[in-house]
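Order of the sequence lines sets the chain letters (A, B, ...), proteins ahead of strands, with each chain counted from 1. Being a predicted model, the structure only gives us computed values, none of them experimental. All values below were derived from every heavy atom in this structure, side-chain atoms included, with hydrogens, water molecules and symmetry-related copies excluded.
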There are 2 protein chains.
Amino acid sequence: MRDTKERILDAAESLFAEQGFDGASLRAITTAAGVNLAAVNYHFSSKEALLQSVFARKLAPLNRERLALLDALEAEAAGAPVQLKRLVQAFLEPVVRLIEKPAESGISFGMLLGRMYTTSTPSTRNIFLDEIRVLARRFSAAFQRSLPGLAFEEVAWRMFFGIGAMSQILAASWMLPIVSEGRADVSDVDGIVDSLTSFVTAGLQADPARHSVCSGRRRFPESRRGPRRRSGGRPESS
Amino acid sequence: MRDTKERILDAAESLFAEQGFDGASLRAITTAAGVNLAAVNYHFSSKEALLQSVFARKLAPLNRERLALLDALEAEAAGAPVQLKRLVQAFLEPVVRLIEKPAESGISFGMLLGRMYTTSTPSTRNIFLDEIRVLARRFSAAFQRSLPGLAFEEVAWRMFFGIGAMSQILAASWMLPIVSEGRADVSDVDGIVDSLTSFVTAGLQADPARHSVCSGRRRFPESRRGPRRRSGGRPESS
DNA sequence: GTCTATATGGGGATAGAC
DNA sequence: GTCTATCCCCATATAGAC
């Protein structure tokens, strides 16, 4: 029988994933964990701190893996831009594979992560702000090197869209049978990784089709950082 | 001063979007609406029925618009496949434009919709199950006609990814400044529609790169039902 | 560290006067 | 249709015995 703290974390992860932070009561969590109600506040001091601990346990290792894959790709490329598809795969695959770890702790962590993307409050958001920041910085730089001629903002938007496609698998898979008329499911994780990687890679490579007005398709890999406003792009900053 | 019922719907839409179904109390909603607490149960009979009414008011018109655009495109094409990009735009644009209606009712409906994709319970899910079903049926047929040679399941997966990219804009826009290092925002809706449309269109057109192993690229739209594990959506329960 | 018992507050829903 | 007052339940958190 595992450690009390660990048991609480497992149960919390699972119930937060299924019912949300508000929906999962400490009573339900402690009952599922087979521990006493008061144990949560003894070990974690509050419900929100429990959520933080749930993330602390799994998010950092996950992102470390993604960065390690990126490091390996960049080392291998030895200065040259990495092949885009491999970059995309390094970014996506460790996350997608979260859906295939049912033995360990139920569907749980992947679903919780996907759910938190759309339901985090300013306070719970701090849990992954820094993680996302460092990950985005590293990967967007790599993406930009592998996508010469694409403005930085456009790369950011497309990463953002890619994250959306990815998190759909984590947290909105109930929709899949409906969209596919019952003919697709999440059992073939390798296939999902391939499909998603292809989709996102192609999306990243799309022609910049900014409203045809300003057309004169820009192709200046290096010169796009300056202080000036982008020609046809979106207004930047906020 | 508007009708009481309408005032409640507006306030509920806004607060559900910002704080979630559980997070927004009827007390907060009625206070924001400037009506009495008991008015909710008088007019809507329960909190969950109120949520349904919030969706009933806006979701059907939204999807009617998308289907009307599809009808127009198909009529224009007169039997030929519709240009893929225009199809994608008809599917995405009305939804993306939800973010530019702040005058009417705050960020609200778009954000609520995006949030519900990842947090709906089996009971609240029924609110849009049928809507999604008819929409998916019409659009996936059209997509498949415009993407000859792509298996039905693959089309479904890519629509699913596209929905994820779309809903990221609705409900996870807080992430955008972080991913873009402060240089992208949601003020230029036309530009967002263009970017997203390009991204999803390119994604839909990607080479089917199913794991190179079994490669012999399958082309049998009908033949994939077999004894394969179903599994479909995750439990999530309530 | 673990338990029981309880403090304290907020939630959805409703009864019944107006 | 609208209000006040209240019912009843369940939440998080804690005090204090073991």
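- For the residue pair B/Ser180 and A/Glu153, no side-chain donor N or O sits within less than 3.5 Å of a side-chain acceptor on the partner.
- Not counting sequence neighbours, the partners of A/Gln89 by the side chain to side chain contact (heavy atoms under 4.5 Å, CB included) test are A/Glu93, A/Val193, A/Thr197.
- Remark: side-chain polar atoms of B/Arg158 are not paired, donor with acceptor, to backbone N or O of A/Ser195 under 3.5 angstrom.
- Rounded to an integer number of Å, the gap from NE2 of B/His43 to P of D/dC3 is 9 Å.
- Of the side-chain N and O atoms in B/Ser25, none sit less than 4.0 angstrom from OP1 or OP2 of C/dG10.
- When only modelled atom types and interatomic distance are considered, B/Thr119 and A/Thr119 share no side-chain donor-acceptor pair under 3.5 Å.
- Atom CG in A/Asp22 sits about 15 Å away from atom C1' in C/dG12, given to the nearest Å.
- Protein atom CG of A/Asp3 is 8 Å distant from nucleotide atom P of C/dG1, rounded to whole Å.
- Remark: P of C/dA13 and CD1 of B/Ile29 are 11 Å apart, rounded to the nearest angstrom.
- Summarising the geometry, the separation between CZ on B/Phe16 and C1' on C/dG11 is reported as 13 Å, rounded to the nearest angstrom.
- Side-chain proximity of B/Asn36 to D/dA11, D/dC3, C/dA13: nearest is D/dC3.
- Protein atom CD of A/Glu6 is 14 Å distant from nucleotide atom P of C/dG1, rounded to whole Å.
- Between A/Glu65 and A/Arg97, none of the side-chain N atoms (NZ, or NE/NH1/NH2) sits under 4.0 Å from a carboxylate O, so this pair counts as no salt bridge.
- The distance between atom CZ of A/Arg7 and atom P of C/dG1, rounded to the nearest whole Å, is 16 Å.
- Residue-to-nucleotide contacts include no donor-acceptor pair under 3.5 Å from the side chain of B/Arg27 to the base of C/dG10.
- Here D/dT4 presents its P atom at 10 Å from CG of B/Leu37, a figure rounded to the nearest Å.
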Identify every side-chain donor-acceptor pair in residues 31-39 of chain B under 3.5 Å, counting partners at least two apart or on other chains, and give the distances.
| residue | atom | partner | partner atom | Å |
| --- | --- | --- | --- | --- |
| B/Thr31 | OG1 | B/Arg27 | O | 2.7 |
| B/Asn36 | OD1 | B/Ala38 | N | 2.9 |

Distances under 3.5 Å between protein N/O atoms and the N/O atoms of nucleotides 16-18 of chain D, please, pair by pair.
none

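- In this structure, B/Thr4 reaches the D/dT2 phosphate: one of its side-chain N or O atoms is under 4.0 Å from OP1 or OP2.
- The shortest non-hydrogen separation linking B/Ala142 to B/Leu70 is CB-CD1, 4.0 Å.
- Side-chain nitrogen and oxygen atoms of B/Ser46 include none within less than 4.0 Å of the OP1 or OP2 phosphate oxygen of C/dG12.
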